[in-house]
Amino acid sequence: MEESAASSDLVRSGDIRATARLISMVEREDPSRLAALKALHAYVGNAHVVGITGPPGAGKSTLTDKIVSRLREQGRRVAVLAVDPSSPFTGGAILGDRIRMQRHATDDGVFIRSLATRGHLGGLSRAVSEASRVLDAAGYDFVIIETVGVGQSEVDIVRIADTVVLVSVPGLGDDIQAIKAGVMEIGDVFCVNKADKDGAERVVREIRSMLETAVLNGATTRFTPLYEARAALTRLDGGRASGGDRAPGAPSAAEGAAHHLAAAVPGHPNLEIPPVVATVAESGQGIHDLVDEILSHEASLVATGFLRSRREENLAWELGRGAAERVLSALEHDGRKESMSDLARAVLDKKIDYYDALETLERALTRS
Amino acid sequence: MNDNDAIKKGLEAYEAGAEKSISKFPERKPAFATGSNSPVKRLYTPLDGAARDYLRDVSFPGEYPYTRGVQNTMYRGRFWTMRQYAGFSTAEESNKRYKFLLAQGTTGLSVAFDLPTQIGYDSDHALSQGEVGKVGVAIDSLADMEILFDGIPLDKVSTSMTINAPASVLLAMYIAVAEKQGVSPDRLEGTIQNDILKEYVARGTYIFPPEPSMRLITDIFAYCSRNVPNWNTISISGYHIREAGSTASQEVAFTIADGIAYVDAAVKAGLDVDAFAPRLSFFFNAHNDLFEEVAKFRAARRVWAKVMKERFGAKSAKSMSLRFHTQTGGSTLTAQQPDNNIVRVAIQALAAVLGGTQSLHTNSKDEALALPTEDSVRIALRTQQIIAYESGATETIDPLAGSYYVESMTDRIQAEAEAYIKTIDDMGGAVKAIERGYVQQEIQDAAYSYQMDIESGERVVVGMNKFQVKEAPPKGLLRVDPIVGEQQSAKLAALRAKRDNARVDAGLAALKKAAEGDDNLMPHILEAVRAYATLGEICDVLRAVFGEYQQKVIL
Amino acid sequence: MERKIRVLVAKPGLDGHDRGAKVIARALRDAGMEVIYTGLRQTPEQIVSAAVQEDVDVVAMSILSGAHNHLFPRVMDLLREKGVDDVLVIGGGVIPDDDIPGLKAAGIAGVFTPGTPTTETIEFIKNNLKRGD
Ligand SMILES: Nc1nc2c(ncn2[C@@H]2O[C@H](COP(=O)(O)OP(=O)(O)OP(=O)(O)O)[C@@H](O)[C@H]2O)c(=O)[nH]1
Ligand SMILES: [Mg+2]
């Protein structure tokens, strides 16, 4: 316990080694991390968490590198969590995202950490959210999480990030299809990278028109309620929304909104869609705009109070998942005879039915 | 019954007989393969060349498609250039080594530069620490280059310089030294490597991104075709691709794909193919599989000739003929029992000669350990001389032509290389394929499986994974005094104090302006060099305008 | 959860020959380790910062240019400056035998010269980790 207290103090004082080690404990689900995480709890909540996701090779790491530079120019301290898959066969991994960001290695205001998925997707979002809290408590103003978007991970990142940047690139063909298939709703800022390649403008247009269609059809998206609240706020105080406790230097919500956030749907001045920014990460083109959009999304979340409700929602989800994990591990590790596979066998053998099995488990829980 | 049918019957009978003995005495292994892991049959016969047309595909030396060689007399006219790559420490030290080599009978110089020079940093740059003079000679300015060639008349030697990203600057320095010796540029002979594409995939000494790099290269083509007509403006290199772990076919394929990209760029820049293509040269590796390597060289000539004629409409024979330098394979040398390397080098050198090389560097036995000593350099050179004067391999042209095995392997390598080139074309050419990481991935996969074959013992490396002995550490290795870095830095400080700094600044400003526009950069670089601007200063100007390349890592 | 071995594979100095570094990176991955690959031209400062942030168990460096006597000890010095003493540091490349005692004295635990099988490096790492649980 004492060691954890010392470790959490060190983390809070910005000690890089202590921070890195606590993240390692988080990664390997070391039970002794909990004391340190508890001790850090009071200091969590100041960092803005940005998720960057998109298909493999879309330029996410290159974008992250450039976003970090831009935020550093503005004097912000930035941490990056770069997630790459582990090999399902050997459990090993080559974590290559860092290569693109190595020039920040010696900058004290930047912390970069590569994480491997280690074969458990659910567990990954736990590890990432815990690691992100550690970095938050360590005093980084931004925590950027890079994950490869292959289905589940895009959705997972929504549970952790305040702002989700969805990256697409021209020339992927079915990329757009993938976006259509359900991740559309989760983006707060859309980025079309590799705008130096043919077809980038078309991708921008397609994303815009898909977003417009979604909005016109009344689809449930992450952004619509925010835009409505922001519009209401702007009407209320005549365009001079107070920015709440936003970070110094960030534009106020109304300023941000007026300038950047969202574009009206043609013919429907009251309906808005999120910004779609074209970038060339390699040369840095469009990065200022992208960072401005991220900052103005942050400002709007703060001004409208949506930041709190979004975090509330995420936390509730995390609690639910955490509870489920605990129940499961209680059932598995409590030295009880009723192991899952015994029950499964009994169900298969028609000795009991599925619901009998569940009830047995439930009883086991209440007995403990 | 025609000939082929008779042979087919005979072959069937032979195979049946062979299978019978194998059932009693199995062969050494279930499957046989070349050094590059291509399957090898028990026997090759005339049937393997049934589709080959002698006049169309093989033809005569000095004639399209140059399968048998690029000159009509080859080594009966004169031997290849025996060119030993050398350079280390300071210009003074290297100058001594060159004079030693010339006295021993080398016929051309080959300059190795240290890494800071290759990457465009002066010796006093922070990143140069520990690297100055290590893998080659440190050159910071024209002053060093004057010392490097002191007492060596530049109209009498041909000089090859292994320099890529800053090739223009080193070439400009060479021209400026010649001017001081009273030798006009049109009398200079030699080669600059100047092949940036393979730096991105295999060798790593890049500076600028592909686009401005290609411009620097085409500027050199244009400048030299007018002013330094006997200079080989590029040495399109498969050597390092092979060192990075590629197969023989990949070596041919990726090198020629790079060549296509350079020709494309030059043609797009408005140059006439036959004005610059005769000065393009190549650089290949020679590994241990003697016959496969010979076939590789023959196939490379044929593939290039076809590309130049059919794709680029070249008219001049010189544009179509692939002239190449060979170096024996550094990665085949072992640190264990280094004397064995002498034998490997001899086999590899023989492959290069049987393959019709125009010049040759033979590695020294101790190169897996350190820079070569004078003694080991002498043995390496003697190896070439023994092949030239004693082996008889030079007395007739392309002696392995007509070997059923070698001809069929020549066809196979050609086909494999052309398939790769087609794939690369479909991606939009070599530059695009490199940007996508395709070429890197192919090479690394080959490198990894090569290594795994060695570790499993499937591939035997004598002295390393078989026939090992306990050995004492080798003695007498050459070391570069770490003081060299300080010496170079002191020289630089003195130079910066002494030179006409106003002239330097004017030269650099003019260069910057040219780089931002689209003037040919060579005259501007030459002017800055004459003013004793340093290599680092010149490259910094270009870095500011062009940006720097970020490595594309594929794992 | 089992302890994963994390390895930083880096090429300090200016040489661009990364065949060996890449082969070892793959081999370590195939041996179940997590490899953070940092690419070419890394300064000792960059390597050490990355090692600390990534909290690696091992730093593996490869140099073929002959600059090892300068760069390897520099990495060790910087690690020490940061108070890092539980990271296993190994080096590979064209390194003359005469240089090995000096490098070992500087703290490079294992020096691997050309021809070393990847399995040997893997075994060495597994047997010489400076920390465990
Ligand atoms: N042409 C072009 N290439 C780019 C751009 N941005 C990144 N790239 C290149 O795309 C490749 C992949 O970039 P990364 O940043 O590694 O992409 P990533 O999405 O992080 O990749 P993973 O993490 O492997 O999924 C690299 O070769 C980059 O140089 C761009 O704007 N234009
Ligand atoms: Mg990435």
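Order of the sequence lines fixes the chain letters, A, B, ..., with proteins taken first and strands second; residue numbering starts at 1 for each chain.
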Asker: Select, from A20(A), S87(A), G96(A), the one with the greatest count of heavy-atom pairs under 4.5 Å involving chain C.
Answerer: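 Heavy-atom pair counts peak at A20(A).
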Asker: Mind ranking D84(A), I16(A), T106(A), L95(A) by heavy-atom pairs under 4.5 Å with chain C and telling me who comes out on top?
Answerer: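 Most heavy-atom pairs within the cutoff with chain C belong to L95(A).
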Asker: When you compare the side chains of S61(A) and E146(A), does any donor N or O come within less than 3.5 Å of an acceptor on the partner?
Answerer: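 There is such a pair (donor and acceptor under 3.5 Å, judged by atom type) between the side chains of S61(A) and E146(A).
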Asker: For V84(C), is it the side chain, the backbone, both or neither that has a heavy atom under 4.5 Å from a heavy atom of chain A?
Answerer: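 Contact with chain A involves both backbone and side-chain atoms of V84(C).
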Asker: Assess the side chains of S86(A) and E34(C): does a donor N or O sit below 3.5 Å from an acceptor N or O?
Answerer: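 Checked: S86(A)/E34(C) side chains show no N/O donor-acceptor pair below 3.5 Å.
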Asker: Which atoms of V110(A) are under 4.5 Å from chain C, going by heavy atoms: the side chain, the backbone, both sets, or neither?
Answerer: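 V110(A) touches chain C through backbone heavy atoms alone.
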Asker: Let's test your reading of the structure: which of A31(C), G83(C), G39(C) forms the most heavy-atom pairs below 4.5 Å with chain A?
Answerer: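 Maximum pair count with chain A is reached by G83(C).
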Asker: Could you check whether R76(A) makes a cation-pi contact with F142(A), meaning its NZ or CZ is under 6.0 Å from the centre of the six-membered ring and within 45° of the ring axis?
Answerer: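 Pair R76(A)/F142(A) does not count as cation-pi.
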Asker: Let me know if R6(C) has heavy atoms under 4.5 Å from chain A in its side chain, its backbone, both or neither.
Answerer: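 Just its side chain gets close to chain A.
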Asker: How are the rings of Y140(A) and F111(A) set relative to one another: parallel (under 30°), tilted (30 to 60°) or perpendicular (over 60°)?
Answerer: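 It falls in the tilted class, 30° to 60°.
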Asker: Near K82(C) NZ, under 6.0 Å, is it more than 12 heavy atoms from other residues, nucleotides or ligands?
Answerer: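 Yes - once you tally the heavy atoms of other residues, nucleotides and ligands closer than 6.0 Å, there are more than 12.
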Asker: Please identify, among T19(A), D108(A), I23(A), I112(A), the residue contributing the most non-hydrogen atom pairs under 4.5 Å to chain C.
Answerer: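 Top count of heavy-atom pairs under 4.5 Å with chain C: I112(A).
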Asker: Between chain A and each of R29(C), Q46(C), E54(C), count heavy-atom pairs under 4.5 Å; write down the option with the most.
Answerer: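 The candidate making the most pairs under 4.5 Å is E54(C).
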Asker: With distance as the sole criterion, is a donor-acceptor pair present between the side chains of S13(A) and D15(A) under 3.5 Å?
Answerer: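 Result is no, nothing qualifies.
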